[in-house]
Amino acid sequence: MLWLFFSSFLTALSMPGFVAGCIVWFSLVPFLKSLEKKGPLFGALYGFLYFYAFSAINLYWVLPVLMENMPRTFGKFHALTGFLVFLLMLAFEALPFAAFGFLYGLLENSVKKHPIKEVFFTASAYTLFDFIRSLGEMGFTGGTLSDALYRDTGILQLAPIIGSYGLTFIIVAVNCWLYIIWRKSSRPIEKIVFVVLAINVISHLANIFLPLPHTSDQSLAAIQTNISQDVKYNQSSYYLYEQFKPMLVELKDTLVVMPEDVFPFDPRGSDIAQQMKELCRQNNLQILIGTLSVNSKIQNSVFLVNELGFVSKYSKVKLFPFVERLPYEKVFGIFSFLQGLNYLDPGEEYEPLTVENYPLIGVQICFESYFSEPSRQLVKKGARVLLVCTNDGWFSFDTALKQHFAKAVIRAVETRRQVIQVSNAGITGSIDPYGRIVEVARIRSFEKVDFDIIPNEAITIYAKTGDLVIWFCLGIVVFMLFFPGERTLGTKRRIWK
């Protein structure tokens, strides 16, 4: 079992905000070693424990949110309750990998007779169950193996074709190949090191030859407000507005983008709305600002404000489970205490925003950038630039900020769109259509950053077709289950004799 926990530790070290992404190319080898001859039941236990331990390390930054920040801000539950919720969250994340371990144990003897079959089955099963983890009202993609590659721009250029789960498939396939080398080679360490170095050299060379995208003569001003959650939810609306108003007053003739949830209320009926409207008229500004939207529904929205007032909005479609929306209410009703200020209603569709004199902008709010579907839908509807407005001020550790920003990098490459993320605490930054990080603001600072706009209208294969690799993985797994190979045939012969 030590191999299992060692693998969990290595995989966590490969994630954004930890040590180095290249570790992911061999981090699963000890896990596969630990599954040897365990059978389906112990395989399920080992699969569960692997991902549980990995998630506990990788998502450690969730603990202070549940045990300190949310209880202090909303006062709805005790720190110990937050700790228990964290443990339950890890268990839910790990369940799909119990199924992976079960299948691996069931078919191990069969697939190990043929290295190609072993590589394809292992990579398909892991990728399939990692995808299943992203589905439904409680879906989450934190800890997807492809996140480790967000700095490996060369390898990332496969994402416009196969997406992030295609990259995960390749990572697991390489790990399985290295595991076979470990089993069968007399000098496995040297060969494993050589393969990992070769992959990184190839990625580096591919990065060198990437073209520079064509920029436009347009830019926008991103404001990282850096207002703490305690202040945001306990001070008046006028106090909040006065914190960033002086910076707005200095801007002229531009589009201003602000984070999610700048105001935890709907400002449209307040004097603040009139002041912003007048400021837009005087300084020729257009402002994208995140606030609540309260009509017949309560929604998490980003409004476009100009000299005519609050003229249009995008409302968040994919809501964060338990905090913004209670998933599967009949099952998880006892967790309603995790609610923020209000439960929210989802937006109706992913729809780009039209901003005068700017290309169509596809806005995503916070949690939505963890998933490929919002970006794909926005691009298919004409978005030429993607924007992520987020409030990451809940997180005490920079690891959380880096993991969220890494998702924006993946979304940029998948769609070949510039992604500009504007956050309350960070990371506020610009990513070009090839996944290169162009510029970022200092983390946890109050500042304005000007980003040149890099519009693009081409639609990638992945944006058009989505996660076809998942259907490929499903086909491989189903085929192996029904036609496992020689072991099953031999068993049948013995039975009939």
Side-chain angles (χ1 to χ4, degrees), residues 65 69-70 72-73 219-252 254-268 270-273 275-277 279-280 283 285-293 300-306 310 313-314 316 320 323-324 340-341 361 363-369 387-398 400-402 404-405 408 419-430 439-451:
V65 178
N69 298 346
M70 288 185 68
R72 183 179 64 240
T73 302
S219 63
L220 58 80
I223 296 180
Q224 185 172 276
T225 51
N226 197 35
I227 297 174
S228 73
Q229 307 306 302
D230 290 344
V231 170
K232 181 179 297 184
Y233 293 105
N234 291 289
Q235 294 288 345
S236 70
S237 57
Y238 294 102
Y239 178 87
L240 297 176
Y241 182 57
E242 289 298 323
Q243 301 308 300
F244 56 83
K245 179 181 176 181
M247 190 171 285
L248 284 177
V249 170
E250 294 178 357
L251 298 172
K252 295 182 184 297
T254 191
L255 171 64
V256 182
V257 182
M258 303 189 69
E260 170 198 22
D261 201 29
V262 172
F263 297 120
F265 64 94
D266 191 333
R268 285 178 292 178
S270 69
D271 291 340
I272 291 174
Q275 290 185 45
M276 292 183 66
K277 175 182 174 181
L279 182 59
C280 289
N283 291 10
L285 298 178
Q286 299 181 86
I287 302 174
L288 289 171
I289 184 170
T291 78
L292 279 187
S293 164
N300 186 351
S301 302
V302 169
F303 281 98
L304 173 63
V305 188
N306 60 21
F310 286 66
K313 68 175 181 177
Y314 166 78
K316 188 176 184 181
F320 197 86
V323 177
E324 294 181 315
L341 287 181
I361 297 176
V363 178
Q364 298 164 76
I365 300 177
C366 190
F367 183 60
E368 291 182 317
S369 67
L387 179 66
V388 178
C389 293
T390 183
N391 171 27
D392 286 346
W394 288 105
F395 307 121
S396 303
F397 292 96
D398 293 349
L401 310 185
K402 293 176 182 178
H404 194 179
F405 194 65
V419 176
I420 297 173
Q421 179 169 295
V422 183
S423 174
N424 174 28
I427 297 173
T428 295
S430 172
E439 185 178 1
V440 295
R442 292 172 298 165
I443 290 176
R444 305 185 195 281
S445 65
F446 173 50
E447 63 178 293
K448 173 189 72 72
V449 186
D450 295 318
F451 295 126

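Because only heavy atoms are used, hydrogens play no part in the values below, and waters and symmetry mates are left out as well, while side chains stay in. Residues take their numbers from the sequence shown, with the count starting at 1. None of these values were measured; they are calculated from a predicted model.
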Please answer whether the main-chain N or O of Thr390 pairs with a side-chain N or O of His404 as donor and acceptor at a distance below 3.5 Å. no

Ring pair (Phe, Tyr, Trp, His ring centres under 6.0 Å) involving Phe405 - partner list, sequence neighbours excluded: none

Under the side chain to side chain donor-acceptor pair (under 3.5 Å) test, residues paired with Glu447 that sit two or more places apart: Arg442, Ser445

For Glu260, all residues meeting side chain to side chain donor-acceptor pair (under 3.5 Å), sequence neighbours excluded: Asn300

Side-chain (Lys232) to main-chain (Asp261) donor-acceptor, under 3.5 angstrom: yes

Non-neighbouring partners of Ala408 that pass side chain to side chain contact (heavy atoms under 4.5 Å, CB included), sequence neighbours left out: Val419, Gln421, Ile431

How about Met258 and Thr225: do any of their side-chain heavy atoms sit closer than 4.5 Å? yes

Is the shortest side-chain N to carboxylate O distance from Glu324 to Lys316 below 4.0 Å? yes

Residues passing the salt bridge (Lys or Arg N to Asp or Glu O under 4.0 Å) test with Asp398, sequence neighbours excluded, are Arg444

Side-chain touch Leu304/Tyr314, heavy atoms, less than 4.5 angstrom: no

Over all heavy atoms of both residues, which pair between Ser293 and Arg268 is shortest? Give the atoms and the distance, please. OG-NH2, 3.5 Å

By side chain to side chain contact (heavy atoms under 4.5 Å, CB included), which residues pair with Phe446, not counting sequence neighbours? Ile223, Asn226, Phe244, Met247

With sequence neighbours excluded, residues passing side chain to side chain contact (heavy atoms under 4.5 Å, CB included) with Ser396: Pro64, Asn69

Non-hydrogen side-chain atoms of Leu387 and Leu288 separated by less than 4.5 Å: yes

Test item: Asn306 side-chain N/O and Lys277 main-chain N/O as donor-acceptor pair under 3.5 Å: no

Sequence neighbours left out, what pairs pass side-chain hydrogen bond (donor to acceptor under 3.5 Å, both in side chains) with at least one residue falling in residues 239-248? Lys245-Gln275

Please check if the side chain of Asp450 supplies one atom and the backbone of Ser219 the other of a donor-acceptor pair under 3.5 Å. no

Any non-hydrogen side-chain atom of Ile227 less than 4.5 Å from a side-chain atom of Gln235? no

Answer yes or no: is there a side-chain heavy-atom contact under 4.5 Å between Thr254 and Gln286? no

Check whether any side-chain N or O of Asp392 sits under 3.5 Å from a backbone N or O of Leu401 as a donor-acceptor pair, and report yes or no. no

Taking side chain as C-beta onward, heavy atoms only, is Glu439 less than 4.5 Å from Val449? yes

Pairing residues for Glu368 by the salt bridge (Lys or Arg N to Asp or Glu O under 4.0 Å) criterion, not counting sequence neighbours: none

Suppose we screen for side chain to side chain donor-acceptor pair (under 3.5 Å). Which residues come up paired with Ser301, at least two apart in sequence or across chains? Ser315

Residues forming a side chain to side chain donor-acceptor pair (under 3.5 Å) with Thr73, sequence neighbours excluded: Asp230

Please examine the side chains of Pro264 and Leu292, heavy atoms only from C-beta on, and report whether any two atoms are closer than 4.5 Å. no

